[in-house]
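Numbered from 1 within each chain, the chains take letters A, B, ... in sequence-line order.
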Amino acid sequence: MFLYNTQTRKKEEFVPIIKNRLSLYACGPTVYDYFHIGNARAFIFFDVVRRYFEFKGYEVNYVQNITDIDDKIINKSIEEKVDFTTVADKYSQAFLDDAKALGIKAPSVQPRATEVMPDIIAYIDALVKSGHAYEANRDVYFDTSSLPSYGSLSGKKTEDQLTGARVAENLFKRNPTDFTLWKNSKPGEPVWQSPWGEGRPGWHTECVVMSQKYLGETFDIHGGGIDLIFPHHENELAQAQALSGKPLANYWLHNGFLNIEGEKMSKSLKNFFTARDILQEYDAEVIRFFFLSKHYRSPIDFTRELMEESKRALSNFYEALKTVDFLEIPKILLDTSQSTEVRDFTSAMDDDFNTAKAIAIMFDLVKQLKSPSASEDDKHKAAKVMFYIGRVLGFFQNLETKLHKKQPDLSDALMELIINYRNEARNNKDWKTSDRIRDDLAALSIEIKDTPKGCIWTQKEQ
RNA sequence: GGCGACAUAGCCAAGUGGUAAGGCAGAGGUCUGCAAAAUCUCUAUCCCCGGUUCAAAUCCGGGUGUCGCCUCCA
């Protein structure tokens, strides 16, 4: 299995720290608002990563943080004149709800920054004591010049930052790339006691602390969106490297960005969509199909047209499954490991999660299922394989409800239809037909009565 | 100014040295009282120029174009 490692900018063979076990950390949300469709890409991708490793027989320990203390949360709480925990709680819950609605399997552990505050403070303290961090003006900064390898993940050299970069002026920093570990508090802000006075943590430390707490000093995979490479992941790595002298993760995976109609998504361009919005319009699996039809590292363009296409394409999966007794599919006993499609699927996914190719394999199976010349036995095999690999990508999660979708209650409309035909027959004095309709309905325990106001019908108890 | 990604048919998208997967849309055929559905078939030499090679979409060099990161961001 080969993964593209951001650290080395190469595909590398994946070797887990412990055989058949995967320690995976992917950055979760900062809960200051509903998460957007771009976040959804990352969450869905790492959900697939997790599912695929499980498919490969790994025991997966998947940790995803919830950052519930941050400037943006505080700003929102000031805006809305509520406590910051009100904001954090509201959007944490929204995150959990929306992730579930997207068909994302819950991570093994989902810690919150505020739950590990003593660990965060201890971590910063250790950095100060080791000489990698310094206190200035009641803030604590990480000293990037103390770590020669700083910049290795993003490939940025410190000098480059000085030229043309919009680095905020900060008189207390020793180097422009130094970042805040601990912020002294302004009046009215949430505070925690620390060796440096009352304050709150900076952005990056919570992730190092939470990942190492649950996964160990060095774990297998760390991931997130491509924009997190710098500064977030670089700064996480720096802290870990400074304290342990070891890499934080062996492989760094980053998914590409999402654009809207060719433009960057932003609130000012009014092309900002939350996952919640999109879920109103499209089924979770349509969204998933849309994302997985392109390689995770490529940028993806979100358009209505492509969503409609994805919808049509995905419906072919279900149409194909309808050619067999689909509810029996999960019960079919079959050694899928011998199937060519499963082999092809595995080699596609082993190659840095080539989900686009994996989907093409799904369509091969669609073709087999729809082939008039296929035997029932072949079809059942194809359906089983399709279900099996589809589940790894996160499809077919509610086969029963998807395929047995409840129709809107048509009885009223249908009865009106029938009664109209019967009235037509009665107008033509075609009593034979009209009586037959009445008798047939009676056989279904539906009683017809012709009244001066028209025909009424009732359903009799059986 | 620094760093990086990408450029394959109408659209989306695999393919990273051996002669262009797949999906959507479209066209034609079959089926059909009509419509729909279903089904079959068809549609590209890979941004441009030069080089390496028996062989390049795939490697190298040079262009052009698009996008992103460097500030909160998935």
Side-chain angles (χ1 to χ4, degrees), chain A residues 4 6 9 11 26-30 32-33 35-46 64 67 70-76 95 151 153-170 176-177 179 202-204 223-234 253-259 262-267 272 275 289-317 319-320 322-323 344 348 351-352 354-367 370-373:
Chain A
Y4 182 89
T6 307
R9 307 202 177 257
K11 273 187 201 170
C27 282
T30 298
Y32 70 103
D33 200 351
F35 68 86
H36 57 69
I37 187 71
N39 300 107
R41 183 183 198 188
F43 300 154
I44 289 172
F45 170 62
F46 285 100
Q64 183 188 45
T67 296
D70 175 89
D71 286 2
K72 291 194 292 289
I73 297 172
I74 293 170
N75 290 340
K76 188 110 181 182
F95 162 66
L153 180 66
S154 59
K156 291 186 189 304
K157 297 180 187 76
T158 316
E159 312 88 71
D160 299 337
Q161 297 297 306
L162 295 168
T163 334
R166 289 164 286 176
V167 175
E169 282 278 320
N170 185 326
T177 45
F179 53 92
W203 177 28
H204 315 293
I226 196 166
D227 55 318
L228 289 182
I229 296 173
F230 191 89
H232 187 51
H233 288 165
E234 189 74 74
L253 265 50
H254 292 97
N255 62 277
F257 241 67
L258 173 134
N259 292 320
E263 285 184 307
K264 180 175 173 164
M265 173 165 62
S266 78
K267 284 179 177 168
F272 187 91
F289 184 95
F290 166 71
F291 285 134
L292 299 185
S293 63
K294 188 150 180 167
H295 187 87
Y296 76 92
R297 279 189 286 117
S298 305
I300 196 166
D301 197 28
F302 181 90
T303 66
R304 295 282 153 196
E305 291 86 332
L306 289 176
M307 289 306 288
E308 291 299 326
E309 261 188 32
S310 300
K311 192 174 171 178
R312 287 189 287 263
L314 179 68
S315 77
N316 278 328
F317 286 180
E319 289 306 315
K322 283 181 188 168
T323 63
D344 291 347
D351 182 15
D352 196 29
N354 193 337
T355 52
K357 201 168 184 177
I359 283 178
I361 294 158
M362 302 272 288
F363 278 105
D364 284 344
L365 292 161
V366 167
K367 205 161 205 171
K370 286 187 169 183
S371 165
S373 59

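Residue contacts for I361(A): at a heavy-atom cut-off of 4.0 Å it reaches no nucleic acid atom on any strand shown. Using a 4.0 Å heavy-atom criterion, one finds that G38(A) contacts the bases of the nucleic acid, with or without backbone contacts as well. Residue-level contact check: N354(A) touches the backbone only, with heavy atoms under 4.0 Å from sugar-phosphate atoms and none from bases. Contact annotation for N259(A): backbone-only contact, meaning every heavy-atom pair under 4.0 Å involves sugar-phosphate atoms and none involves a base.
Here K357(A) does not reach the OP1 or OP2 of rG22(B): none of its side-chain N or O atoms lies under 4.0 Å away.
The nucleotide rC31(B) finds no pairing partner, because no Watson-Crick or G-U wobble arrangement with both distances shorter than 3.5 Å includes it.
Residues D351(A) and D364(A) both approach RNA chain B. Their nearest nucleotides, taken by heavy-atom distance, put D351(A) toward the 5′ side.
Of the candidates rG22(B), rU39(B), rC69(B), rU39(B) carries the atom nearest the K370(A) side chain, counting heavy atoms from C-beta on.
Taking the side-chain contact (heavy atoms from CB on, under 4.5 Å) definition, one finds that S154(A) meets it with K156(A), I229(A), F230(A), E234(A), sequence neighbours left out. Scored by the side-chain hydrogen bond (donor to acceptor under 3.5 Å, both in side chains) test, D351(A) finds K11(A) as partners (sequence neighbours excluded). Take H232(A) and apply the side-chain hydrogen bond (donor to acceptor under 3.5 Å, both in side chains) test, not counting sequence neighbours, and it matches H204(A), E236(A). By the side-chain hydrogen bond (donor to acceptor under 3.5 Å, both in side chains) test, E308(A) is found to be paired with Y282(A), residues two or more places apart in sequence or in another chain being considered. Under the side-chain contact (heavy atoms from CB on, under 4.5 Å) criterion, N354(A) pairs with A348(A), A356(A), K357(A), sequence neighbours left out.
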I'd like a table of atom pairs between the protein and nucleotides 23-28 of chain B - only N or O on both sides, under 3.5 Å - with the distance next to each one.
| from | atom 1 | to | atom 2 | distance (Å) |
| --- | --- | --- | --- | --- |
| rG23(B) | N2 | E309(A) | OE1 | 2.9 |
| rC24(B) | OP1 | N316(A) | ND2 | 2.2 |
| rC24(B) | O3' | R312(A) | NE | 3.1 |
| rC24(B) | O2' | R312(A) | NH2 | 3.1 |
| rA25(B) | OP1 | R312(A) | NE | 3.3 |

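Residues Y32(A) and D71(A) bring no donor and acceptor atom of their side chains to less than 3.5 Å of each other.
A straight line from CZ of F272(A) to P of rC72(B) spans 17 Å, rounded to a whole angstrom.
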